[in-house]
Student: 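Have a look at this one before I ask anything.
All heavy atoms count here, side chains included; hydrogens, waters and symmetry mates do not.
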Amino acid sequence: MIKLESLSKQFGDTVVLDGIDLAIEKGEIVVIIGPSGTGKSTLLRCINFLEQPTAGTMTVGDLTVDVNRASRAEILSMRRRTAFVFQNYALFANKTALQNIAERLLVVDKWPKEKAYKRAREILQQIGLADKADAYPAAMSGGQQQRVGIGRAMATGAEVILFDEPTSSLDPEWVEEVLGLMKQLASERQTMMVVTHEMSFARDVADRVIFIDGGRIVEQGPPSEIFYHPQDPRTKDFLKKILATNPV
């Protein structure tokens with residue numbers, strides 16, 4: 001269970017998130033869409049405390065924090081409950097695929113090396129990259145690197161995985177292999193929040209689609225409602241533009 005109450009974020013005088021209220025059930029797949037610069041990625045980054053929210057409360061699992069009073073221990077605990085997949089992979093260039101997946105288990109979760117590496121090998125097998133265990137990022141395609149990034153998130157056993165436009169940096173031929181892995185996770189009912197412009201993925205996989213504009217949730221509902229029967233003029237205008245080049 002994830003619950004956001006009056007979550008806000010300002011950069012100086014600029015309001016990026018304006019009182020977001022949102023509840024997500026365990027196993028739910030939520031896709032967030034909207035124009036660029038409207039707070040979608042910032043929302044995910046605030047949940048993981050990659051950005052410090054300005055106001056509000058957040059609940060993930062059994063942990064609730066007031067963002068203005070959160071202690072360092074609470075922030076670390078929130079990060080253990082969440083995992084982040086970056087659009088630019090964010091792998092350690094000097095570490096192999098195996099080491100990249102094991103890194104958080106070793107450093108943050110303090111797993112013994114043998115246990116962490118065993119788990120990392122299991123994940124590599126799951127994501128179809130067992131033969132890349134000793135490969136460095138420079139020797140892997142963009143799609144393979146992003147799959148390792150997703151594998152790193154999977155290894156943590158986090159309650160929710162946050163995907164920030166995970167295919168936006170990929171060449172077209174690598175997009176499908178990454179989306180395929182995400183669909184696999186969705187079929188296993190891994191709780192996911194996904195910021196993406198991949199409308200077909202949203203239509204096929206999401207339980208709920210949320211349209212954000214101006215730092216606020218404008219409209220939300222099942223893909224069939226949002227894509228084919230949007231109610232708000234802003235949603236209609238956005239979909240008209242984006243579906244012209246990215247149809248569902």
Side-chain angles (χ1 to χ4, degrees), residues 1-7 17 20-34 39-51 53 56-65 67 70 74-87 90 101 104-105 108-109 119 122-123 126-127 146-167 178-212 217 219-226:
M1 169 65 162
I2 302 164
K3 190 174 184 180
L4 310 178
E5 297 177 276
S6 301
L7 188 69
L17 296 177
I20 297 288
D21 292 312
L22 179 64
I24 297 173
E25 297 299 327
K26 182 178 180 180
E28 191 174 9
I29 316 301
V30 173
V31 171
I32 302 168
I33 63 173
K40 305 184 303 296
S41 294
T42 300
L43 174 60
L44 297 191
R45 293 177 69 86
C46 282
I47 294 172
N48 194 248
F49 277 97
L50 290 170
E51 295 284 357
T57 62
M58 299 192 297
T59 299
V60 177
D62 60 358
L63 176 66
T64 298
V65 298
V67 300
E74 287 176 323
I75 290 173
L76 290 174
S77 186
M78 185 65 76
R79 286 175 175 165
R80 287 191 178 100
R81 287 166 167 78
T82 61
F84 205 96
V85 177
F86 299 86
Q87 57 183 285
I101 292 176
R104 171 173 155 166
L105 301 178
V108 178
D109 299 326
R119 178 60 175 153
E122 291 172 351
I123 293 294
Q126 281 183 256
I127 64 177
Q146 190 61 294
R147 283 157 65 194
V148 171
I150 295 172
R152 179 175 55 191
M154 293 167 59
T156 66
E159 296 190 37
V160 57
I161 300 181
L162 310 169
F163 293 84
D164 184 15
E165 300 195 32
T167 61
V178 171
L179 291 179
L181 178 55
M182 293 172 66
K183 289 176 182 178
Q184 175 187 322
L185 283 174
S187 71
E188 297 167 1
R189 305 314 298 175
Q190 165 67 56
T191 309
M192 298 162 59
M193 294 180 68
V194 184
V195 171
T196 186
H197 289 292
E198 298 289 343
M199 297 297 117
S200 293
F201 174 85
R203 178 200 62 193
D204 295 341
V205 178
D207 297 305
R208 187 171 15 146
V209 175
I210 295 175
F211 175 70
I212 289 182
I217 295 176
E219 190 169 355
Q220 58 181 306
S224 58
E225 290 184 9
I226 298 300

Student: Restricting to side-chain hydrogen bond (donor to acceptor under 3.5 Å, both in side chains), what partner residues turn up for E5, sequence neighbours left out?
Tutor: T57
Student: Go through the structure and list residues passing side chain to side chain contact (heavy atoms under 4.5 Å, CB included) with K26, not counting sequence neighbours.
Tutor: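 K26: side chain to side chain contact (heavy atoms under 4.5 Å, CB included) contacts with T191.
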Student: Who are the side-chain hydrogen bond (donor to acceptor under 3.5 Å, both in side chains) partners of S41, not counting sequence neighbours?
Tutor: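 side-chain hydrogen bond (donor to acceptor under 3.5 Å, both in side chains) check on S41 returns D164.
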Student: Work out which heavy atom in L105 is nearest to a heavy atom in A155; give both atom names and the distance.
Tutor: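 Result for this residue pair: CD2-O, 3.7 Å.
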Student: Do V31 and F201 have side-chain heavy atoms sitting under 4.5 Å apart?
Tutor: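 In short, these two side chains touch, coming nearer than 4.5 Å.
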Student: Check F211 against G34 and note the closest heavy-atom contact, atom names and distance.
Tutor: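 F211 and G34 have their closest heavy atoms at CE1-CA, 3.6 Å.
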Student: Are the side chains of T82 and I2 in touch, meaning some heavy atoms are under 4.5 Å apart?
Tutor: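 Sidechains of I2 and T82: no contact.
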Student: State, yes or no, whether a side-chain contact exists between D21 and I217 at a heavy-atom distance under 4.5 Å.
Tutor: no
Student: Looking at residues at least two apart in the chain, or sitting in another chain, which of them share a salt bridge (Lys or Arg N to Asp or Glu O under 4.0 Å) with R119?
Tutor: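 Salt bridge (Lys or Arg N to Asp or Glu O under 4.0 Å) check on R119 returns E122.
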Student: Identify, with sequence neighbours excluded, every residue that meets side chain to side chain contact (heavy atoms under 4.5 Å, CB included) alongside A186.
Tutor: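 A186: side chain to side chain contact (heavy atoms under 4.5 Å, CB included) contacts with I29, M192, V205.
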Student: Quick check against the 3.5 Å criterion: does Q146 have a side-chain atom that pairs as donor or acceptor with the backbone of F86?
Tutor: yes
Student: Can you sort out the partners of E51 under salt bridge (Lys or Arg N to Asp or Glu O under 4.0 Å), two or more places apart, ordered by chain and number?
Tutor: R45
Student: Please examine the side chains of I150 and L185, heavy atoms only from C-beta on, and report whether any two atoms are closer than 4.5 Å.
Tutor: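 They are in side-chain contact.
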Student: Drop me the distance from Q184's CD to Q126's CD, to the nearest 0.5 angstrom.
Tutor: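 CD of Q126 is found 7.0 Å from CD of Q184.
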Student: Can you confirm whether V195 sits close enough to L44 that some side-chain heavy atom of one is under 4.5 Å from a side-chain heavy atom of the other?
Tutor: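 SC-SC contact between V195 and L44 confirmed.
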Student: Looking at side-chain heavy atoms only, is the closest gap between V160 and I24 below 4.5 Å?
Tutor: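 Side chain of V160 against side chain of I24, heavy atoms only: no contact under 4.5 Å found.
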Student: With sequence neighbours left out, what residues match D204 under salt bridge (Lys or Arg N to Asp or Glu O under 4.0 Å)?
Tutor: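 Here no residue qualifies.
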Student: Atom CE of M58 and atom CG of L22: how far apart are they, to the nearest 0.5 Å?
Tutor: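 Answer rounded to 0.5 Å: 12.0 Å.
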Student: When rounded to the nearest 0.5 angstrom, what is the spacing between CD1 in I47 and OG1 in T59?
Tutor: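 Nearest 0.5 Å value for the CD1-OG1 distance: 11.0 Å.
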Student: Is the side chain of R147 donor-acceptor paired with the backbone N or O of V178 at a distance under 3.5 Å, no angle test?
Tutor: no
Student: Quick one: list whatever passes salt bridge (Lys or Arg N to Asp or Glu O under 4.0 Å) with R152, sequence neighbours left out.
Tutor: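 In terms of salt bridge (Lys or Arg N to Asp or Glu O under 4.0 Å), with neighbours along the sequence ignored, R152 is linked to no residue.
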Student: Dump the intermediate steps for side-chain contact (heavy atoms from CB on, under 4.5 Å) on R79 and V108, then the final yes or no.
Tutor: CA-CA 10 Å; R79 286 175 175 165; V108 178; over 6 Å; no
Student: Would you give the length of the straight line joining atom CD of E74 to atom OG1 of T64, rounded to the nearest 0.5 angstrom?
Tutor: 9.5 Å
Student: For S77, what residues pass the side chain to side chain contact (heavy atoms under 4.5 Å, CB included) criterion, not counting sequence neighbours?
Tutor: L63, R81
Student: By side-chain hydrogen bond (donor to acceptor under 3.5 Å, both in side chains), which residues pair with E25, not counting sequence neighbours?
Tutor: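 Partners of E25 by the side-chain hydrogen bond (donor to acceptor under 3.5 Å, both in side chains) criterion come out as none, since no residue qualifies.
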Student: Quick check against the 3.5 Å criterion: does R208 have a side-chain atom that pairs as donor or acceptor with the backbone of Q220?
Tutor: no
Student: Which residues pass the side chain to side chain contact (heavy atoms under 4.5 Å, CB included) test with A83, not counting sequence neighbours?
Tutor: A153, T156, A158, I161
Student: side-chain hydrogen bond (donor to acceptor under 3.5 Å, both in side chains) with E219: which residues, sequence neighbours excluded?
Tutor: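 By the side-chain hydrogen bond (donor to acceptor under 3.5 Å, both in side chains) rule, E219 matches T235.
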Student: On a heavy-atom basis, which atom in P166 and which in V85 lie closest, and how many Å separate them?
Tutor: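 Looking at all heavy atoms of both residues, the shortest contact is CB-CG1, 4.3 Å.
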Student: From I226 CD1 over to M199 CE, what is the distance, rounded to the nearest 0.5 angstrom?
Tutor: 11.5 Å
Student: Do L43 and L7 have side chains that approach each other closer than 4.5 Å (heavy atoms only, starting at C-beta)?
Tutor: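 Yes - at least one pair of side-chain heavy atoms lies under 4.5 Å apart.
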Student: Can you give me the closest heavy-atom contact between G39 and L17, atom names plus distance?
Tutor: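 Where G39 meets L17 most closely, the heavy atoms are O-CD2, 3.4 Å.
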